[in-house]
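The structure under discussion appears below in the form of structure tokens.
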Amino acid sequence: MNNITSKMKKKRKTSIIVGVLILIAYCVLASTLIESKILVMLFEVISGIAVIGISVLMFPIFKPYNNRVTVSYLLLKIIEGSLMIIAGILFLASNDVLFGMRDSVYTSHTYIFIISAYMFYYLLYKSKIIPRWISVWGVIAVILLLIVNLMELTNNIIPMLILGIGYSQIMLNEVFLAIWLMVKGFNPAAIGSDNIES
């Protein structure tokens, strides 16, 4: 009984830390609000580390539900976080060519984020560790983000309303998810279930 209680407490701490890291990952948005190169670099590096941290903490929780997708999710998040760290470092570059590489780095980052986010919500849905409606909302948000990014590749003028919807849903979902994890935590019944499909 004590062992089960200890495991549940550990999972509760994990859910809180993951929620906090999701919010910390949004430090990357500071680059659009501040002018200090040092601070922008610092925030982007912190965001990248947070992204990697989330995937590392979720790995043992997701792994029993689908090992292949979980490993792919972890690897993609490590790449995504590393790209954010690289982009932060490039922001300090005085060389125009190196500084200009940030755009290419973030273009790659966007599509890696979309794929890994889909895997994340798929695993959340399958594991039932949070209410499934949050996972479904996340998948829809990821699809909207993909559509908006593909539309931007055409270089056509996209109405601000569509852009707003495309980008805001994933942010709203992730912030809501972060708060849910910090306040409610993982579903104890799902975390403690022995009936896990591979």
Side-chain angles (χ1 to χ4, degrees), residues 13-59 62 70-121 123-124 138-139 141-153 155 158 160 163-182:
K13 288 179 181 177
T14 299
S15 71
I16 292 171
I17 295 170
V18 169
V20 171
L21 288 177
I22 290 172
L23 296 180
I24 290 175
Y26 276 95
C27 283
V28 71
L29 296 181
S31 61
T32 62
L33 303 173
I34 57 180
E35 297 181 2
S36 170
K37 283 193 170 187
I38 295 294
L39 285 178
V40 169
M41 182 275 293
L42 183 61
F43 283 137
E44 293 193 354
V45 169
I46 290 173
S47 297
I49 293 171
V51 165
I52 295 171
I54 293 164
S55 63
V56 170
L57 288 171
M58 295 303 296
F59 181 80
F62 283 154
T70 302
V71 171
S72 299
Y73 162 73
L74 176 65
L75 293 176
L76 284 174
K77 282 299 181 183
I78 290 173
I79 294 171
E80 179 192 337
S82 299
L83 287 175
M84 294 170 75
I85 293 169
I86 291 169
I89 295 171
L90 287 175
F91 195 75
L92 295 178
S94 55
N95 184 301
D96 290 340
V97 175
L98 289 176
F99 185 81
M101 287 175 62
R102 273 174 56 85
D103 290 339
S104 298
V105 169
Y106 267 115
T107 298
S108 301
H109 162 271
T110 299
Y111 291 101
I112 290 172
F113 168 80
I114 289 170
I115 297 170
S116 63
Y118 177 80
M119 292 178 175
F120 177 65
Y121 286 108
L123 291 166
L124 285 175
V139 170
V142 169
I143 293 171
L144 289 173
L145 182 62
L146 175 61
I147 291 171
V148 169
N149 275 273
L150 291 176
M151 289 174 67
E152 287 184 322
L153 287 178
N155 292 321
I158 305 172
M160 288 302 295
L163 280 174
I165 294 172
Y167 283 104
S168 66
Q169 285 306 302
I170 190 64
M171 294 171 63
L172 289 171
N173 177 269
E174 290 196 332
V175 170
F176 184 89
L177 173 60
I179 295 170
W180 182 280
L181 291 175
M182 289 187 289

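All residue numbers in this chain count up from 1 along the given sequence. Just so you know, these numbers use all the heavy atoms, side chains as well, and skip hydrogens, waters and symmetry mates.
- Side-chain contact between Leu144 and Val148 is absent, with no heavy atoms from C-beta onward closer than 4.5 Å.
- Between atom OG1 of residue Thr70 and atom CE of residue Met58 there is a gap of 9.0 Å, rounded to the nearest 0.5 Å.
- Taking CE of Met171 as the start and CG of Leu145 as the end, the distance is 10.5 Å to the nearest 0.5 Å.
- Using the six-membered ring where Trp is involved, Phe62 and Phe120 have ring planes that are perpendicular, over 60° apart on the 30 and 60° scheme.
- Taking the side chain to side chain contact (heavy atoms under 4.5 Å, CB included) definition, one finds that Ile89 meets it with Ile85, sequence neighbours left out.
- The side-chain heavy atoms of Leu181 and Ile16, taken from C-beta on, include no pair separated by under 4.5 Å.
- The ring-ring contact (aromatic ring centres under 6.0 Å, His included) search around Tyr121 returns none, not counting sequence neighbours.
- Annotation for Leu83 and Val105: closest pair O-CG1, 3.3 Å, computed over non-hydrogen atoms.
- Taking CD1 of Ile54 as the reference point, atom CG of Leu21 lies at 5.5 Å (rounded to 0.5 Å).
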Taking only distance into account, with no hydrogens and no angle test, what donor-acceptor pairs under 3.5 Å do side-chain atoms of residues 46-53 form with protein atoms, sequence neighbours excluded?
residue	atom	partner	partner atom	Å
Ser47	OG	Ala25	O	3.1
Ser47	OG	Val28	N	2.8
Ser47	OG	Phe43	O	2.8

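- Within the 4.5 Å cutoff, the side chain of Tyr118 has no heavy atoms near those of the Ile143 side chain.
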Inset, instruction - Take Leu146 and Tyr111 through the side chain to side chain contact (heavy atoms under 4.5 Å, CB included) test and state the conclusion after the steps. - result: CA-CA 8 Å; Leu146 175 61; Tyr111 291 101; 4.2 Å; yes

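- Distance check, rounded to the nearest 0.5 Å: OG of Ser82 to NE2 of His109 gives 10.5 Å.
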Would you tabulate the side-chain donor-acceptor contacts of residues 163-170 under 3.5 Å, counting partners in other chains and residues two or more places apart, or write 'none'?
residue	atom	partner	partner atom	Å
Tyr167	OH	Glu152	OE1	2.8
Ser168	OG	Gly164	O	2.6
Gln169	OE1	Trp137	NE1	3.0

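- Counting only residues at least two apart or on different chains, the salt bridge (charged side-chain N to carboxylate O under 4.0 Å, His left out) pairs with a member in residues 78-91 are Lys77-Glu80.
- Counting only heavy atoms from C-beta outward, the side chains of Met182 and Leu23 approach each other to under 4.5 Å.
- In this structure, the side chain to side chain contact (heavy atoms under 4.5 Å, CB included) partners of Met41, at least two apart in sequence or on a different chain, are Val45, Leu92.
- Without hydrogens or angle criteria, Ser116 side chain to Tyr73 main chain gives no donor-acceptor distance under 3.5 Å.
- Minimum interatomic distance between Met119 and Ser72 (heavy atoms only, all atoms of both residues): CE-CB, 3.7 Å.
- In terms of heavy atoms, Ile17 sits closest to Leu57 at CG2-CD1, 3.5 Å.
- Within the model, atoms CD1 of Ile112 and CD1 of Ile78 stand 12.0 Å from one another, a figure rounded to the nearest 0.5 Å.
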